[in-house]
Amino acid sequence: MNVDEKVSDIYQLVLRRNAGEPEFHQAVSEVLDSLKVVLNKDPYYGDYGLVQRLCEPERQLIFRVPWVDDQGQVHVNRGFRVQFNSVLGPYKGGLRFHPSVNLGIIKFLGFEQIFKNSLTGLPIGGGKGGSDFDPKGRSDLEIMRFCQSFMTELQRHIGDKIDVPAGDIGVGGREIGYMFGQFRRIAGRHESGVLTGKGLTWGGSLVRTEATGYGCVYFTQKMMEDQGDSISGAKVIVSGSGNVAIYATEKAQQLGATVVGFSDSSGYVSTPNGVDVELLKEIKEVRRARVDEYVKEAEGATFHPRGNVWELEADVALPCATQNELNGEDAKTLISNGVRYVAEGANMPSTPEAVEVFRASGIHFAPGKAANAGGVATSALEMQQNASRDSWSFEYTDSRLQGIMENIFLSCANTAREYDHENDYVTGANIAGFKKVANAMLAQGVI
Ligand code: NDP
C-alpha cells in the first residue's frame with residue numbers, strides 16, 4: 001500500500017468512528033495531508049499503528065453539569081474533557097464555555113493541542129475541555145455556581161501530574177478562580193499546579209493573560225523579519241475582542257503597528273487611527289459589554305453591525321476569534337486589499353478553502369498551532385513556577401515567551417525547508433510537532 005492509500009484508509013476510519021464531527025475531521029485531514037511528506041521520507045513513522053493511535057484520544061469524558069440560576073430555575077449543561085495524548089507530559093489545554101461546544105469541537109481542539117504543545121518544546125501533552133454553557137448575560141453568582149458544579153465532576157480527572165486545564169473562549173481569570181476554589185475545597189489541598197491562568201497572588205504567572213496575543217505578534221514579527229519586512233508601520237486587522245485579540249492589539253501597537261479594526265459576534269469596529277487599548281480593555285474586561293460601546297467613546301471609530309472585518313485594507317491579518325471565521329472569499333478579499341501576512345491567534349479560524357487561497361497566492365500564513373502557542377507555553381511556565389514555589393518578573397517571563405515563539409518560528413521554517421516546502425509554515429508546524437510526539441510514542445511502546 002502506498003502512502004496516499006495508507007493515509008486515506010486512516011482518514012476513512014476517523015470519519016466512520018467520529019461521525020457528525022466536522023471540525024475534528026477538518027483538523028485531522030490537514031495534519032494527515034502534511035504527514036504524507038514525512039511518511040514518504042521516513043516510512044517507519046507509518047508502523048506500529050502510530051498515526052491511528054495519534055488520531056484516537058486516550059480518554060474522552062462527558063458529564064452532566066446541573067446548576068441553579070438566580071431565579072431558582074435548574075439548568076443542565078454538558079461538560080467535556082478529552083485527554084488526547086500524554087506521551088510528552090500531563091494533558092494540557094483550555095476549557096471553553098460557549099453554546100456551540102460539542103464533543104467534535106473539543107476533539108478538534110484537543111488534537112491540535114498535541115502538536116502545538118509539542119512545538120513549544122516544553123513537556124506537556126494535549127487535552128481540551130469545556131461545556132455548552134453560555135456565560136453571556138449571566139450574573140457573577142450564576143457563573144460561580146456553574147463553575148463549581150463543573151469542577152465537582154472534573155476534579156476527579158485532573159491534577160498537576162495528570163491533566164492541567166486553563167482558559168479558552170468564555171473562561172478567563174474569574175472562571176479559573178471559581179473552579180480553583182471548588183477544587184481546593186473538594187481536594188482539601190492547595191494544589192496550585194492543577195489549573196493555569198490563576199490570580200497573581202495565588203499561584204498565577206505574570207504574562208499569562210497577555211501571552212497568546214503577545215506570542216502571536218512575536219511570531220508575526222519574526223515571520224515578517226524573515227522576509228525583510230517589519231511590523232512597525234504595518235496596518236493590522238484583528239478579529240474578535242476577547243483575551244487573544246486585546247493583547248495581540250496591544251503588542252502590535254507597542255511594536256509600531258496600527259490596528260485598523262477589531263470585532264465581536266455583533267459586528268466590527270473600524271479604527272483607522274489605531275485602537276485605544278485601555279478603553280477596549282475597560283469595555284470588554286471590566287464592563288463585559290459589546291464592541292459598539294467602544295465607538296461612543298473613541299474618536300474616529302465606526303461600528304459596522306453584522307459587518308465583515310476582513311473587508312478592511314491592511315498588511316497583516318490576525319484572526320483571533322473562533323474556528324472557521326475566515327472563509328475562501330474572505331481570503332481573496334484580504335489579498336486584493338493588500339494583506340501579505342496572516343497569523344492565526346485563534347484555533348483553526350481559517351477554513352480549508354481560505355488556507356488553500358493563502359498558500360496558492362504565496363501569502364505568508366502561520367497556522368494557529370504555531371502562532372498561538374504562546375498561551376499554553378506560558379501556562380507551562382506557570383507550572384514551572386508552581387513546582388518551584390517561585391514567581392518570576394514580567395520581564396523575565398516575557399523574554400522566555402519571546403524566545404519560545406522565535407524557536408517555534410524557526411522550527412516551522414527550518415522543517416518546511418528540510419521537507420522542500422520553503423515558507424509553508426502549515427507543513428512545517430505539522431511535521432515538527434508530529435515528529436517529537438511520534439518519536440516519544442515509538443520510544444514508549446504500543447500503549
Ligand atoms: P474570549 O472568550 O476571550 O474571546 C472570544 C472572542 O471571539 C470574543 O470577542 C467573541 O465575541 C468572539 N467570538 C467567539 N465566537 C464567535 C463567533 N462564533 N463569531 C464571531 N465572533 C466570535 O476567547 P479567547 O480570546 O481566549 O479565544 C479566542 C480564540 O483563541 C479561540 O479560538 C481560542 O481557542 C484561541 N486560543 C485562546 C488561547 C488563550 O490563551 N485564551 C490560547 C490559544 C488559542 P462575542 O463576545 O460576541 O462572542
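Hydrogens, waters and symmetry mates play no part in the numbers below; they use all other heavy atoms, side chains included. Order of appearance sets the numbers: ligands from 1, and atoms from 1 within every ligand. Owing to the predicted nature of the structure, the values given are computational and were not obtained by experimental measurement.
- When only non-hydrogen protein atoms are considered, atom 12 (C) of ligand 1 lies nearest to A321 CB, 3.8 Å.
- With distances taken over non-hydrogen atoms, the option nearest atom 27 (O) of ligand 1 out of N243, V309, I169, N324 is I169.
- Between F409 and Y425, the ring-plane angle classifies as tilted under the 30° and 60° cut-offs.
- Inspection of the D132 and N102 side chains reveals no N or O donor paired with an N or O acceptor under 3.5 Å.
- Taking distance alone, with nitrogen or oxygen atoms compared against 3.5 Å, G167 stays at or beyond that limit from ligand 1.
- Contact detail for T196 and S379: the closest heavy-atom pair is OG1-OG, 2.8 Å.
- For N372, no nitrogen or oxygen atom sits less than 3.5 Å from a nitrogen or oxygen atom of ligand 1, counting backbone and side chain alike.
- Counting the atoms of ligand 1 from 1 in the order shown, those under 4.0 Å from a heavy atom of C320 are 28 (C), 29 (C).
- Atom numbering of ligand 1 starts at 1 in the shown order; those under 4.0 Å from a heavy atom of G240 are 9 (O).
- In terms of protein heavy-atom proximity, atom 6 (C) of ligand 1 is nearest to G242 N, 3.9 Å.
- In terms of polar-atom proximity, V244 is counted as a contact of ligand 1, with an N or O under 3.5 Å from an N or O of the ligand.
- Aromatic ring centres of F108 and F24: separated by at least 6.0 Å.
- Nearest heavy atom pair, residue G345 against residue T212, reads O-CG2, 4.1 Å.
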_Would Y178 and R174 count as a side chain to side chain donor-acceptor pair (under 3.5 Å) here? Give the steps._
CA-CA 7 Å; Y178 293 145; R174 173 180 61 167; 5.7 Å; no
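- Contacts between T212 and ligand 1, counted as non-hydrogen atom pairs separated by less than 4.0 Å, involve the side chain only.
- Residue contacts with ligand 1: K116 is placed with no nitrogen or oxygen under 3.5 Å of a nitrogen or oxygen of the ligand (distance criterion only).
- Assignment of M348 to the shell around ligand 1 is not supported, since no heavy atom sits closer than 4.0 Å.
- Checking each of T333, N327, D330 against N308 for a side chain to side chain donor-acceptor pair (under 3.5 Å) leaves exactly one that passes, namely D330.
- Distance from atom 33 (C) of ligand 1 to its nearest protein heavy atom, with residue and atom name: D168 OD1, 3.1 Å.
- Counting protein heavy atoms only, atom 2 (O) of ligand 1 is closest to G170 N, 3.0 Å.
- F146 and F133 have parallel rings, their planes meeting at less than 30° on a 0 to 90° scale where 60° marks the start of perpendicular.
- When the options G374, G375, A346 are ranked by their closest heavy atom to atom 30 (O) of ligand 1, first place goes to A346.
- Scanning the protein heavy atoms around atom 14 (C) of ligand 1, the nearest turns out to be T322 CB, 4.1 Å.
- Crowding of R78 atom CZ: a count of heavy atoms from other residues, nucleotides or ligands under 6.0 Å not exceeding 12.
- Between E112 and the options K128, K369, K107, a salt bridge (Lys or Arg N to Asp or Glu O under 4.0 Å) holds for only K369.
- Not a single heavy atom of Q323 lies less than 4.0 angstrom from ligand 1.
- Taking the six-membered ring where tryptophan is involved, the planes of H364 and Y341 are essentially parallel, since the angle between them stays under 30° and well short of 60°.
- Of all heavy-atom pairs between R145 and V68, the closest is NE-O, 2.6 Å.
- Neither the backbone nor the side chain of A166 has a heavy atom within less than 4.0 Å of ligand 1.
- No more than 12 heavy atoms of other residues, nucleotides or ligands lie within 6.0 Å of NZ in K235, so this atom counts as exposed by the packing criterion.
- With a 4.0 Å heavy-atom cut-off, ligand 1 is reached by the side chain of R208 but not by its N, CA, C or O.
- Shortest non-hydrogen contact noted between V316 and L318 is CG1-CD2, 3.9 Å.
- A heavy-atom separation below 4.0 Å is not found between K284 and ligand 1.
- Considering only non-hydrogen atoms, atom 21 (N) of ligand 1 lies nearest to S265 out of P99, S265, S239.
- Less than 4.0 angstrom separates some heavy atom of N347 from each of these atoms of ligand 1: 32 (O), 33 (C), 34 (O), 35 (C), 36 (N), 44 (C).
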*Can you list the steps and then say if K116 with N347 is a side chain to side chain donor-acceptor pair (under 3.5 Å)?*
CA-CA 10 Å; K116 180 189 307 195; N347 284 310; 2.8 Å; yes
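- In terms of N/O distances under 3.5 Å, ligand 1 is approached by S241.
- Every atom of ligand 1 with a heavy atom of R96 under 4.0 Å away is listed here by number and element: 31 (C), 32 (O), 33 (C), 34 (O).
- Ligand 1 has a nitrogen or oxygen under 3.5 angstrom from a nitrogen or oxygen of K136.
- In this structure, atom 10 (C) of ligand 1 has its sub-4.0 angstrom surroundings free of protein heavy atoms.
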